[in-house]
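Before any comments, here is the structure.
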Amino acid sequence: MNLFTDIRALVIENLTEMQAEGALPEGLDFANVTVEPPRDAAHGDMATNAAMVLAKPAKLKPRDIAEGLAAKLITDARIELADVAGPGFLNLRLAADLWQGVIGAALKEGADFGRSDMGQGRRVNVEFVSANPTGPLHVGHTRGAVFGDALASLLDFAGHQVTREYYVNDGGGQVDVLARSAYERYREANGLEPQIAEGLYPGDYLVPIGEALKAKYGDSLIDQPESVWLQDLRLFSTESMMDMIRADLASLGVVMDLFYSEKSLYGSGKIESALEDLSSKGLIYEGTLPPPKGKADEDWEPRVQTLFKSTEHGDDVDRPVKKSDGGWTYFAPDIAYHFDKVERGFDELIDVFGADHGGYVKRMKAAVSALSDGKVPLDIKLCQLVRLFKDGQPFKMSKRAGNFVTLREVVDLVGPDVTRFVMLTRKNDAPLDFDFSKVLEQSKDNPVFYVQYASARIHSVMRKATDAGIAVDDATLADADLAKLDHEAELAVIKKLSEWPRLIEIAARTNEPHRVAFYLYELAAEFHALWNRGNDLTELRFLQEGDSATSQAKIALIRSVSIVISAGLGILGVTPAEEMR
RNA sequence: GCACCCGUAGCUCAGCUGGAUAGAGUACCUGACUACGAAUCAGGGGGUCGCACGUUCGAAUCGUGCCGGGUGCACCA
């Protein structure tokens with residue numbers, strides 16, 4: 001149930017009637033008519049811009065339309081008051097039982113309250129993390145992992161059929177580097193001095209791989225040329241790295257539906273067929289790119305290469321798909337991979353990248369646009385940097401991994417719940433400061449705590465109620481006399497709850513899960529405010545001694561808050577707290 | 001030089017397919033606990049929404065041009 005869409009439907013219905021009655025001309029587009037919460041609660045419960053949006057196409061004065069609409073709306077039992085204000089806003093006040101109905105809906109629908117069918121079952125592929133299998137995941141990946149996973153859950157909640165996917169770059173030159181690095185650790189395991197040359201991966205995480213290689217091969221690969229061991233070590237070390245990455249993700253609660261191997265594309269004919277598709281559309285040609293302007297590059301020389309005409313689909317320059325040695329560029333398998341997603345029938349694709357891949361956005365969109373004939377939209381979300389702090393000071397550490405902080409270190413220090421919530425307290429395209437001290441602080445400055453504390457307080461009240469012999473199961477609460485919830489402080493909380501289904505749709509439409517985190521903070525604030533009003537006004541306390549009917553109504557309200565907090569935290573992948581320790 | 005992202009209160013940031021007097025937290029000041037968990041709440045001061053034009057009944061939001069910060073710019077992924 002979504003009160004805002006209900007009332008919007010009522011507005012549209014009345015506008016249509018006005019057309020039938022000749023008060024409005026035919027052929028108007030109602031798409032821009034909105035029903036929203038007003039900025040200022042004094043204006044009423046909801047406001048519609050219908051009159052202002054329609055004034056011009058209808059060639060009427062906004063206030064005249066608004067007054068006509070108001071006169072019709074007021075006859076509906078749900079509308080208590082309809083005022084024209086300002087340039088033509090129509091402010092509505094809703095009947096109290098409509099608000100109380102929100103509580104009933106939350107209690108009956110439980111964890112599904114707010115679930116939307118907006119997505120209509122459309123199939124969405126969310127590709128995220130996709131880190132090279134050459135080392136452990138670091139903080140940057142952590143943000144991408146949390147963001148992608150929460151986005152996937154959000155879209156699922158909004159009625160999409162979601163696949164979580166990880167593209168494994170196990171086919172390129174960096175895997176050779178990995179294999180050579182692992183070989184040095186293998187030599188080390190055999191008692192020799194490892195020679196970690198410039199360009200190899202120095203991290204300690206390869207030490208156990210070296211041990212494992214020794215267990216498998218003994219000393220048989222020592223002093224053997226690369227041609228003997230390179231292929232085996234490529235395979236062995238990427239598999240080991242992927243096991244580690246899977247475990248890292250699992251420690252955060254992220255589970256992929258599919259790991260898609262780049263290597264599997266080679267020799268399968270998929271790269272060829274993807275490029276054939278582009279070629280059949282006249283988008284592949286042999287040519288020479290212009291030199292980059294402004295920045296002097298002495299190594300640059302004109303070269304004829306195989307190019308994808310991405311400029312026809314919005315890119316700034318055409319992109320090479322073949323290297324001069326005849327091999328594919330990294331872009332070619334990426335094209336094939338996205339072609340594969342399109343062929344698997346997804347209606348929408350989302351890629352989550354780190355901000356350092358910003359320059360890659362246009363060519364990837366161009367490729368998908370070309371491959372799907374513009375039918376499958378690709379949205380690319382860039383996650384900005386995470387800056388680590390401790391007690392306000394920039395934080396550096398990790399001998400284990402080389403020179404970066406790993407996902408595992410973060411999760412071990414603050415736990416998966418805190419990690420996930422904090423990673424979503426910023427918009428994805430804004431940089432995020434992550435202070436190890438602050439995120440564990442128990443104060444309202446820390447949103448994780450603040451929301452969890454609200455949840456804990458609610459459970460505390462419910463435990464007290466149970467001790468007092470008051471039934472507080474959801475079915476009983478749903479039958480409570482909700483008309484008792486008529487104080488403005490209580491209605492304020494209900495109104496916030498009523499925005500939940502609307503918020504889900506906005507967040508899902510914009511692919512912005514951080515909105516859920518901010519909403520939960522606001523909901524918690526409304527709840528804490530109501531709680532404290534009870535200090536002064538005893539009639540606002542949730543437990544009314546000797547009056548279990550009133551207590552149940554009030555508990556129905558806060559139980560609804562906890563249902564929404566749980567659902568919201570569930571989307572973010574965070575476990576709600578029943579008590580604080 | 002080009003492309004993308006960002007620029008909102010002293011600081012860190014929200015801001016809904018363009019809506020009314022731009023909101024939180026923090027910091028600063030002032031109040032509220034013999035409590036359903038004060039780990040909280042209420043109130044106060046604090047803003048040329050980077051700048052300038054433009055579109056619109058209406059712009060933090062859309063367009064163009066500047067300024068400032070970040071990222072990326074053939075045959076690495």
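Worth knowing before you read on, the calculation uses all heavy atoms, side chains too, and leaves out hydrogens, waters and symmetry mates. Quick caveat: nothing in here was measured; it's all calculated off a predicted structure.
- The side chain to side chain donor-acceptor pair (under 3.5 Å) test applied to D318(A) returns Y285(A), T311(A), not counting sequence neighbours.
- Between D435(A) atom CG and rC11(B) atom C1' the separation is 14 Å, expressed in whole Å.
- In this structure, R541(A) reaches the bases: a heavy-atom distance under 4.0 Å links it to at least one base atom across the strands shown.
- Within the nucleic acid shown, K362(A) comes within 4.0 Å of sugar-phosphate atoms alone, with no base atom in reach, counting heavy atoms only.
- Rounded to a whole Å, the CG atom of N535(A) is 13 Å from the C1' atom of rG31(B).
- When the C1' atom is compared between rC28(B) and rU34(B), the two are found 32 Å apart, to the nearest whole Å.
- Between the side chain of R319(A) and the base of rA74(B), no donor-acceptor pair of N or O atoms lies under 3.5 Å.
- Among the protein residues, D316(A) comes within range of the sugar-phosphate backbone only, with heavy atoms under 4.0 Å from sugar or phosphate atoms but none that close to a base.
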Could you write out each protein N or O paired with an N or O of nucleotides 66-72 of chain B at a distance under 3.5 Å?
from, atom 1, to, atom 2, distance (Å)
rU71(B), O2', A355(A), O, 3.3

List, with names and distances, any nitrogen or oxygen atoms from the protein found under 3.5 Å away from nitrogen or oxygen atoms belonging to nucleotides 25-29 of chain B.
from, atom 1, to, atom 2, distance (Å)
rG25(B), O2', D445(A), OD1, 3.1

In 5'-to-3' order, the base (B), backbone-only (S) or no-contact (-) status of each nucleotide in nucleotides 12-18 of chain B, using a 4.0 angstrom heavy-atom cut-off, is SSSSBB-

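- Counting only heavy atoms from C-beta outward, the side chains of V175(A) and K263(A) never approach each other to under 4.5 Å.
- Here the P atom of nucleotide rA77(B) and the OH atom of Y337(A) are 17 Å apart, to the nearest Å.
- Not counting sequence neighbours, the partners of D316(A) by the side-chain contact (heavy atoms from CB on, under 4.5 Å) test are K362(A).
- Among the protein residues, V53(A) comes within range of the nucleic acid bases, having at least one heavy atom under 4.0 Å from a base atom.
- Taking the C1' atoms as reference points, rU61(B) lies 15 Å from rG23(B), given to the whole Å.
- Under the side chain to side chain donor-acceptor pair (under 3.5 Å) criterion, S562(A) pairs with R559(A), sequence neighbours left out.
- Considering only residues two or more places apart in sequence or on other chains, A456(A) meets the side-chain contact (heavy atoms from CB on, under 4.5 Å) condition with M580(A).
- Every residue two or more places apart in sequence or in another chain was checked for a ring-ring contact (aromatic ring centres under 6.0 Å, His included) with H43(A), and none qualifies.
- Relative to the ring axis of F331(A), R319(A) does not place its NZ or CZ within 45° and under 6.0 Å from the centre.
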Donor-acceptor contacts, no H, no angles, side chain residues 531-538 of chain A, under 3.5 Å, sequence neighbours left out:
from, atom 1, to, atom 2, distance (Å)
R533(A), NH2, E488(A), OE2, 3.4

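- When heavy atoms are screened at a 4.0 angstrom cut-off, A47(A) is found touching base atoms of the nucleic acid.
- Separation of the C1' atoms belonging to rU40(B) and rA35(B) is 11 Å when rounded to the nearest angstrom.
- Proximity note for M52(A) (side chain, C-beta onward) versus rA38(B), rG19(B), rA77(B): the nearest is rG19(B).
- If you measure from atom CH2 of W328(A) to atom C1' of rC76(B), you get 18 Å, rounded to the nearest angstrom.
- Side-chain contact between V352(A) and C383(A) is present, with at least one heavy-atom pair separated by less than 4.5 Å.
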Both atom distances under 3.5 Å, Watson-Crick or G-U wobble: I'd like the secondary structure of RNA chain B as a dot-bracket string, with | for pairs made across strands. (((((((..((((.....[...)))).(((((.......))))).....(((((..]....))))))))))))....

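- For K323(A) and W328(A), the positive end is not near the middle of the six-membered ring at less than 6.0 Å and at most 45° from its axis.
- By the 6.0 Å contact criterion, CD on E545(A) is open, its count of non-hydrogen atoms from other residues, nucleotides or ligands being 12 or less.
- As rounded to the nearest Å, rA60(B) and rA52(B) have C1' atoms that lie 16 Å from one another.
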Please list every donor-acceptor pair under 3.5 Å in which a side-chain atom of residues 47-59 of chain A meets a protein atom from a residue at least two apart or in another chain.
from, atom 1, to, atom 2, distance (Å)
T48(A), OG1, T34(A), O, 3.0
T48(A), OG1, A50(A), N, 3.2
N49(A), OD1, T34(A), N, 2.8
N49(A), OD1, T34(A), OG1, 3.3
N49(A), ND2, N32(A), O, 3.4
N49(A), ND2, T34(A), OG1, 3.2

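- Rounding to whole angstrom units, CE of residue M364(A) and P of rC4(B) are separated by 18 Å.
- For the pair R533(A) CZ and rC36(B) C1', the interatomic distance rounds to 16 Å; values are reported in whole Å.
- Looking at the side chain of L289(A), the nearest of the listed nucleotides rC36(B), rA74(B), rC75(B) is rA74(B).
- Note on N91(A): a base of the nucleic acid sits closer than 4.0 angstrom, heavy atoms only.
- Taking the side chain of R457(A) as heavy atoms from C-beta on, and the options rU40(B), rA42(B), rA20(B), the nearest nucleotide is rU40(B).
- In this entry the distance linking CG of D170(A) with P of rA77(B) reads 13 Å, nearest Å.
- Side-chain proximity of N532(A) to rC41(B), rG19(B), rA77(B): nearest is rC41(B).
- Defined by atom type and a distance below 3.5 Å, a donor-acceptor pair is missing between the side-chain atoms of D445(A) and Y450(A).
- Taking atom CE on M580(A) and atom P on rU40(B), their separation rounds to 10 Å, with Å as the unit.
- Between W531(A) and rC36(B), a base-stacking contact is recorded: ring centres under 5.5 Å apart, planes less than 30° from parallel.
- For the residue pair Y260(A) and D340(A), a side-chain donor N or O sits within less than 3.5 Å of a side-chain acceptor on the partner.
- When the C1' atom is compared between rU55(B) and rG15(B), the two are found 22 Å apart, to the nearest whole Å.
- Using cut-offs of 30° and 60° on the angle between ring planes, the pair H357(A) and F353(A) is tilted.
- Side chains of E286(A) and T306(A): a donor on one and an acceptor on the other come within 3.5 Å.
- Within the 4.0 angstrom heavy-atom criterion, no nucleotide atom of any strand lies near V361(A).
- A distance of about 39 Å separates the C1' atoms of rU30(B) and rC51(B), rounded to the whole Å.
- Comparing rC66(B) with rG47(B), their C1' atoms are spaced 23 Å from each other, to the whole Å.
- Checking rA42(B), rC57(B), rG37(B) against the side-chain heavy atoms of K56(A) singles out rC57(B) as nearest.
- Judged by closest nucleotide on RNA chain B, A85(A) is the one of I558(A) and A85(A) placed further toward the 5' end.
- Within the 4.0 angstrom heavy-atom criterion, no nucleotide atom of any strand lies near A507(A).
- In this structure, S460(A) reaches the rG37(B) phosphate: one of its side-chain N or O atoms is under 4.0 Å from OP1 or OP2.
- The gap from the P atom of rC5(B) to that of rG10(B) amounts to 27 Å, rounded to the nearest Å.
- The salt bridge (Lys or Arg N to Asp or Glu O under 4.0 Å) check on E505(A) picks up nothing, with sequence neighbours excluded.
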